[in-house]
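These notes concern the structure reproduced below.
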2 protein chains.
Amino acid sequence: MDEVKGSNGDAGIPSTVVFRLGTLGTVAADRFAAAIEPLDLKPKHVGLMASLAHGEASASQQELAGRLGVVPSLVVSLADHLERLGAVQRVRDPGDRRRQILTLTEHGRALLAQCTATARELDERFTAVLSSQQRAALQEALAILAAEAGLPTK
Amino acid sequence: MDEVKGSNGDAGIPSTVVFRLGTLGTVAADRFAAAIEPLDLKPKHVGLMASLAHGEASASQQELAGRLGVVPSLVVSLADHLERLGAVQRVRDPGDRRRQILTLTEHGRALLAQCTATARELDERFTAVLSSQQRAALQEALAILAAEAGLPTK
DNA sequence: TATTGTTATACTCTATAACTATA
DNA sequence: TATAGTTATAGAGTATAACAATA
């Protein structure tokens with residue numbers, strides 16, 4: 001018989017989902033950050049670009065702050081950097097001149113595509129120890145949890 | 001037939017494992033941090049206690065720094081705080097009086113047990129949207145990835 | 001007066017470097 | 001001279017608060 005049945009009474013905090021997501025999340029984020037560093041981008045920049053690429057290709061900075069779950073002043077510096085790189089454009093909303101509408105440029109799309117390719121390469125190496133069934137199951141579970149947590153899904 | 005077969009060509013960076021682990025990891029870590037805040041603990045404190053609880057119940061600060069993947073000076077402040085709470089004890093190694101041996105106290109064990117219970121409650125709510133098969137598959141995949149990444153497994 | 005974006009400032013986390021004691 | 005731990009300092013990242021332009 002198996003020594004473990006159902007939930008292991010001896011299993012400590014490292015075997016909980018929250019703990020493992022936290023620690024693995026840090027590892028994944030660090031590796032991704034290192035991989036995109038040559039592009040002069042941080043994960044948050046990629047998050048902003050991804051948010052602009054999804055559906056409506058433009059948004060006000062307030063909207064972005066809400067979507068990313070960060071404070072508006074942080075969007076300013078992220079957008080400043082991306083604008084300097086030529087990845088996004090700021091245009092005053094003619095209907096409400098207080099608002100800055102951010103749109104992804106062609107170069108921005110190219111950069112985002114590069115980041116996506118990089119992430120996929122990392123995925124392959126990172127999940128190489130998993131069987132294809134395990135990998136698919138992981139993808140599925142993470143997608144559901146991300147949707148539930150209100151995180152970008154597509 | 002399904003619109004998606006194998007890997008979705010339209011899937012953006014948010015659907016990669018690294019990106020999702022990163023974002024979900026932040027969410028999980030934030031929730032856990034909020035939950036243990038009443039205990040006057042941060043996730044890193046719990047990580048240190050968990051490291052001491054596993055197998056050999058004591059270690060030098062250098063060893064801990066290595067295990068946690070942080071710099072020794074950070075272990076000092078973590079240990080300071082835990083010592084103030086009565087969760088760990090510092091004892092000079094008689095064999096090498098430069099070394100401080102950290103051991104978990106009874107109170108430390110009790111605190112860690114509380115954190116573990118808290119993490120399990122969070123797990124239940126966090127993974128409530130998953131079927132039991134999906135939850136088991138997630139557990140399995142995360143355990144494998146954690147082991148592969150050299151993170152605590154038990 | 002309220003809201004958008006911006007700037008100035010402060011706080012948290014963690015690392016690097018300098019220092020003390022022991023070896 | 002080298003190492004364990006400590007203390008002092010600095011940097012990255014992000015939030016809060018004050019401000020300017022527009023509504």
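All chains are named by letter (A, B, ...) in the order of the sequence lines, taking the proteins before the strands, and each is independently numbered beginning at 1. These figures come from a predicted structure and were not determined experimentally.
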In whole Å, what is the span from the [atom1] atom of [X] to the [atom2] atom of [N]?
| X | N | atom1 | atom2 | value |
| --- | --- | --- | --- | --- |
| Q62(B) | dT6(D) | CD | C1' | 11 Å |
| L64(B) | dT6(D) | CG | C1' | 16 Å |
| I101(B) | dG5(D) | CD1 | P | 7 Å |
| L68(A) | dA15(D) | CG | P | 11 Å |
| D80(B) | dG5(D) | CG | C1' | 10 Å |
| Q61(B) | dT3(D) | CD | P | 18 Å |
| L78(B) | dG5(D) | CG | P | 14 Å |

Going only through I, L, V, M, F, W and Y residues with side-chain contacts under 4.5 Å, is there a path from V88(A) to V70(A)? yes
Give a yes or no on whether V18(B) and V17(A) share a hydrophobic cluster (residues Ile, Leu, Val, Met, Phe, Trp, Tyr; joining criterion: side-chain heavy atoms under 4.5 Å apart). no
Indicate whether OP1 or OP2 belonging to dT6(D) is found under 4.0 Å from a side-chain N or O atom of R99(B). no
Identify the pairs formed between an N or O of the protein and an N or O of nucleotides 8-13 of chain D at a distance under 3.5 Å, and give each distance.
residue, atom, partner, partner atom, Å
dG13(D), OP1, K42(A), NZ, 3.2
dG13(D), OP2, K42(A), NZ, 2.9

Sequence neighbours excluded, every pair satisfying salt bridge (charged side-chain N to carboxylate O under 4.0 Å, His left out) that has a member inside [range]:
| range | result |
| --- | --- |
| residues 71-80 of chain B | D80(B)-R90(B) |
| residues 59-77 of chain A | E56(A)-R67(A), E63(A)-R99(A) |
| residues 19-46 of chain A | none |

Kindly indicate whether the side chain of Q100(A), heavy atoms from C-beta on, has any atom under 4.5 Å from the side chain of R92(A).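 Result yes, sub-4.5 Å side-chain heavy-atom pair found.
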With a 4.5 Å limit on heavy-atom distance, are the side chains of T153(B) and S15(A) in contact?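 Result no, sub-4.5 Å side-chain heavy-atom pair not found.
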Students should find this one: the first and last nucleotides of DNA chain C, 5' to 3', lying under 4.0 Å from a heavy atom of chain B. What are they? dC13(C) to dA23(C)
Only counting residues at least two apart or in another chain, list the ones meeting side chain to side chain donor-acceptor pair (under 3.5 Å) with E148(B).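 Checked E148(B) against side chain to side chain donor-acceptor pair (under 3.5 Å); zero matches.
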With sequence neighbours left out, the residues meeting side chain to side chain donor-acceptor pair (under 3.5 Å) with T127(B) are R135(B)
Pairwise distance [atom1]([X]) to [atom2]([Y]) - rounded to 0.5 angstrom:
| X | Y | atom1 | atom2 | answer |
| --- | --- | --- | --- | --- |
| L64(A) | L48(A) | CG | CG | 4.5 Å |
| T23(B) | L151(A) | OG1 | CG | 4.5 Å |
| L21(B) | L145(B) | CG | CG | 7.0 Å |
| I101(A) | S60(A) | CD1 | OG | 5.5 Å |

Sub-3.5 Å pairs of nitrogen or oxygen atoms, protein against nucleotides 21-23 of chain D:
residue, atom, partner, partner atom, Å
dA23(D), OP1, R97(A), N, 2.7

Answer with base, sugar-phosphate or nothing: what part of the nucleic acid does S60(B) contact at a heavy-atom distance below 4.0 Å? sugar-phosphate
Need to verify one output field. Residue with the more 5' nearest nucleotide on DNA chain D, G69(A) or V76(B)?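 Counting from the 5' end, the first nearest nucleotide belongs to V76(B).
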Side chain to side chain donor-acceptor pair (under 3.5 Å) pairs touching residues 137-146 of chain B, sequence neighbours excluded, are Q134(A)-E140(B)
Give the angle between the helix axes at the two ends of the helix from dT1(C)-dA23(D) to dA23(C)-dT1(D), taking five base pairs at each end and rounding to 10°.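 The value is 20°.
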Test: ring-ring contact (aromatic ring centres under 6.0 Å, His included). Region: residues 60-116 of chain B. Which pairs qualify, not counting sequence neighbours?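 ring-ring contact (aromatic ring centres under 6.0 Å, His included) check on residues 60-116 of chain B returns H45(B)-H81(B).
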Residues from residues 31-41 of chain B sitting under 4.0 Å of DNA chain D, heavy atoms only? none
One pair to check against side-chain contact (heavy atoms from CB on, under 4.5 Å): T16(B) and F126(A). What are the steps and the verdict? CA-CA 11 Å; T16(B) 60; F126(A) 197 59; over 6 Å; no
